[in-house]
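To keep things clear, I will list the structure first and then write my remarks on it.
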Amino acid sequence: MERNGLTVFLTAVGVAAVAACVPMLQKDGMAGAGALPFAAALVLTVGGICAFVFGKSTPNKEKPLNLRLTICITACVLFCVLLAVGVPFIIAAALLLYGLTVYCMKGGWMSSIPWTLIFTAAVYFIFGVIFKVL
Amino acid sequence: MMDYLKLFTEPMLLVWLAVGVFAGVYTGAIPGLSGTMAVSLLVSMTYGWDAEPALCLMLGVYVGVVFGGSRSAILLNIPGAPAAVATGLDGYPLAKKGRAGETMAAAAIQSVVGTILGALALWLFAPLLSKLSLKFRSVDYLLLAILGMLTVGSLSSKSLLKGVLSAALGVLVGCVGMDPVTAVKRFTFGSVYLNGGVSFVVALIGLFGAGEAFSILKQKNTKPVMQRSGRIVPPMREILRYIPLTLRSALIGIITGVLPGAGGDIAALLAYDSAKRTVKHPQTPFGEGAIEGVIAPETANNAAIGGAFIPMLSLGIPGDSITAILIGALTIHGFRPGPDFMTQSPQIFSLVVTGLIAAAFLTLLFGLSGIRLFTKLCELPSERLMPMILVLSAVGAYAINNNVADVIWMFGFGVLGCFMKQYGFPTAPMVLGIILSDLLETNYIRMVRLNGSFGAALGSVFESPISVCLLILPVLFVILPIIRNMAKGFTKDK
């Protein structure tokens, strides 16, 4: 077991959940809504602290977040934004597919992201005019 | 006797069964499109039909969907259904070694065997097993759920502590939303979306599908895995070699399926855990591509189908969510599942039994066909395949409720899954925690409230032999490995 950012995150989640469960336990005791989440949160907190105290601090050679992953996550965020503003699902999905595939295959962000954004804006504009949204 | 042959004397029934199995196999392979959704759509579609063709179609979809979930689990590590999570643990590593075809063929064969054994249990032992299901109390369900949680050890290949943390996070995520008994809102942060809790299908697709895609896209120049050509159907001696494992897994599947609310998801995980504990010398270690890790869960989750029909037909109590919908479908068509069902409607009972067996063989036909074509997916470059997986994951998440929030949560779980993989945290225990949290909590609260206090509830464990057996099993699961390790250490020192 090693000490790392995710262990710290899980411990923090556990501590926060324990704090959130205390009022529920005070209200209904061990037969209420707080019992199971409190138990799970306690396991997370204690386990995380044990991992932090007894774990080895080995440096991870691979960066957790590199440029490729950041681009992929950004593309997915853009996809969700397109869905939320009303772009039809199939169009948004096709654009995500196109943008990511071209980016990953070509290996360079300059070649595909701007074109993907231009293509997205153009399609949105066209559909907006057709459906009289714009 | 003629009732049992009706499926073969009326060809249209067989046709509808085949259509159902075909649709089910391909629906089950798509994450987010569940058997429950498919069967509930068919209830309204078949409203005006006669009972028998409608039942054959829904039965076919049910059997097909349970098998279909394993295809995407093996090829892409995206389980099509929660019951296929355990299949993917060893199925996907086998596909990465170029053995996707053989693995999918093994899954198809074991699905057939499991379904047939479940149907035989339904035919021969329905009255006996239904009496067993009535004897289960809240404390027994709680102990079963705890037994399920103890399979975390089997699902955490390298570090038990990481598996426990992952399972605890899963239970916490499963507690988001309204408490199942008191309806108190927990961890909703004022969001209407979170009132209903986080769907475990969204978590499943995110952790396995999007998480895997993010992990692979993060790397440059990943090479596709060339699949083996040649024989994919295992020789008969290979199939016969695994008979004891198959029978054990089928028994686990049938008994878990008989328990209302338990279902194929838990059966598959328990069978995987049992295989890991009982198979002494697998050719490959579990978690790295042991074929036994595919045989056990696939047999169990299909055997659970027959098991789920036992309380449904003999008591009118659904064994799982799909049988709950089938009860409604039978009621619409004028039948009343319950204690007198087998005597009042023997033709439907016999149709279910023969339909399950026929559907099993049809699953083999549709399951084996096209395997070589599907295995080509593994040979695609990851730069082309992974974006398709991300889109498929988004489709699956959106298909649940047509809600963008599900897609956002799915990508969120995907990012979490990517980091969990990066730091060596297994994702299967987290899904296990989400699935079991409801069963754990509902039965725990019921047990404490029915007995008046926590102490009295603990005392009630010793009132029934079933509870005592279910209590001894988890204790043995924890103690036996410790004793075994101590004995190994003692032998080494000697």
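Atom set for the values below is all heavy atoms of this structure, side chains included, hydrogens, waters and symmetry mates excluded. Because the structure is a prediction, the values reported are computed rather than measured. Residue numbers begin at 1 in each chain, while the letters A, B, ... track the order of the sequences.
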Legend entry - Pick from A:A40, A:G32, A:C76, A:G48 with the largest number of heavy-atom pairs that fall under 4.5 Å of chain B: A:C76

Inset, instruction - Give the ring-plane orientation class for B:F411 versus A:F79, where under 30° counts as parallel, over 60° as perpendicular and anything between as tilted. - result: perpendicular

Legend entry - Residue among B:T182, B:V404, B:V448 with most heavy-atom pairs under 4.5 Å to chain A: B:V404

Legend entry - Under 4.5 Å from any heavy atom of chain A - which part of B:S166: neither

Legend entry - A:A41 portion near chain B, given a 4.5 angstrom heavy-atom threshold: both

Legend entry - Rounded distance [0.5 Å steps], CD1 in B:I434 versus CG in B:L207: 6.5 Å

Legend entry - Non-hydrogen side-chain atoms of B:Q422 and B:S215 separated by less than 4.5 Å: no

Legend entry - Exercise: identify the closest heavy-atom pair between B:E441 and A:A33: OE2-O, 3.7 Å

Inset, instruction - For the residue pair A:T11 and A:L44, establish whether any side-chain heavy-atom pair is separated by less than 4.5 Å. - result: no

Legend entry - Proximity breakdown for B:M420 and chain A, heavy-atom pairs closer than 4.5 Å: both

